[in-house]
Structures are given as structure tokens and as C-alpha cells.
Asker: 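Quick one: structure below, then a few questions.
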Amino acid sequence: DDILLPYAIYVEDYGYTLVSLNGDKETSEGYYTGLDNLLSNLIRKKLIKSPKTVTLKEYMKEYIAMGTQISNLLKA
């Protein structure tokens with residue numbers, strides 16, 4: 001899904017792996033036992049890569065908005 005790009009989530013037997021997609025190359029970004037921790041880290045990574053400067057309030061607003069989008073995706 002577009003909201004996750006350039007990342008993918010692999011579901012393993014006992015947890016989840018966050019993978020960075022770069023063309024044909026995949027790089028493991030971390031292994032998580034809880035989906036909530038993975039999603040929190042994914043959102044932070046996506047917001048940090050944004051080239052703009054924001055206030056803490058704006059960052060938190062974007063963090064919550066992205067979290068809501070991902071939550072809605074998982075419920076669908």
C-alpha cells in the first residue's frame with residue numbers, strides 16, 4: 001500500500017520484520033515482536049525523511065494522522 005512505501009512489513013511466525021524497499025534491493029530495518037512497536041517506528045522513519053522543518057506540535061499532528069491512516073488500512 002502507498003502509505004507504507006518505501007517500506008514493507010513481513011509477518012513472521014513470532015513477530016514482524018520492517019523492510020526498506022529500494023528498487024530490487026530489500027534491507028531489513030528491524031524485527032519486532034509487537035505490531036504496535038513496528039508501526040510506531042515506521043511512522044517515525046517516514047516523518048524524519050520528510051525534508052521540511054516542523055514544530056513539535058506539527059510533528060505530533062502528522063504522526064497521529066499517519067497512524068490513523070495505517071490503522072484504517074489494517075481494519076480494511
Side-chain angles (χ1 to χ4, degrees):
D1 290 290
D2 290 343
I3 187 74
L4 300 177
L5 293 176
Y7 297 97
I9 299 170
Y10 293 145
V11 179
E12 310 287 337
D13 288 337
Y14 299 103
Y16 308 89
T17 302
L18 179 62
V19 176
S20 176
L21 305 173
N22 187 5
D24 293 336
K25 185 178 177 185
E26 294 182 356
T27 305
S28 177
E29 295 284 332
Y31 181 80
Y32 304 86
T33 56
L35 185 58
D36 56 338
N37 292 332
L38 180 145
L39 294 176
S40 180
N41 193 27
L42 171 64
I43 294 168
R44 282 195 307 268
K45 286 178 179 290
K46 288 183 67 73
L47 290 178
I48 287 172
K49 287 189 177 188
S50 175
K52 61 184 176 183
T53 302
V54 296
T55 66
L56 182 57
K57 184 176 182 177
E58 291 168 330
Y59 175 86
M60 291 305 300
K61 185 177 179 181
E62 289 182 35
Y63 184 96
I64 291 168
M66 190 175 293
T68 301
Q69 288 177 324
I70 291 173
S71 293
N72 291 339
L73 176 67
L74 294 174
K75 291 177 186 175

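Given the structure is predicted, the values throughout are model-derived calculations rather than measurements. In what follows, every heavy atom counts, from backbone to side chain, and hydrogens, waters and symmetry copies are set aside.
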Asker: Rounded to the nearest 0.5 Å, what separates atom CG in Leu42 from atom OH in Tyr32?
Answerer: 8.5 Å
Asker: With sequence neighbours excluded, what pairs up with Tyr7 under the side chain to side chain donor-acceptor pair (under 3.5 Å) test?
Answerer: Lys49
Asker: Distance from Ile43 atom CD1 to Ile3 atom CD1, nearest 0.5 Å?
Answerer: 8.5 Å
Asker: Is the side chain of Tyr31 donor-acceptor paired with the backbone N or O of Gly15 at a distance under 3.5 Å, no angle test?
Answerer: yes
Asker: In the single-linkage hydrophobic clustering (I, L, V, M, F, W, Y; side-chain heavy atoms under 4.5 Å), do Val11 and Leu39 co-cluster?
Answerer: yes
Asker: Hey, could you give me each pair passing salt bridge (Lys or Arg N to Asp or Glu O under 4.0 Å) that has a residue in residues 22-37? Not counting sequence neighbours.
Answerer: Glu29-Lys45
Asker: By the salt bridge (Lys or Arg N to Asp or Glu O under 4.0 Å) test, which pairs, at least two apart or in different chains, include something from residues 9-20?
Answerer: none
Asker: In the structure I gave you, are the side-chain heavy atoms of Asn22 and Thr27 within less than 4.5 Å of one another anywhere?
Answerer: no
Asker: Just verifying a value: how many Å separate Thr17 OG1 and Ile9 CD1, rounded to the nearest 0.5 Å?
Answerer: 10.0 Å
Asker: I'd like a table of donor-acceptor pairs (distance under 3.5 Å, sequence neighbours excluded) in which one partner is a side-chain atom from residues 55-70, with atom names and distances.
Answerer:
unit_1 : atom_1 : unit_2 : atom_2 : d
Thr55  : OG1    : Glu58  : N      : 3.1
Thr55  : OG1    : Glu58  : OE1    : 3.4
Glu58  : OE1    : Thr55  : N      : 2.8
Glu62  : OE2    : Lys52  : NZ     : 3.1
Tyr63  : OH     : Ser40  : OG     : 2.7
Thr68  : OG1    : Ile64  : O      : 2.9

Asker: What's in the same ILVMFWY side-chain cluster as Tyr10, cut-off under 4.5 Å, chained through other members?
Answerer: Leu5, Val19, Leu21
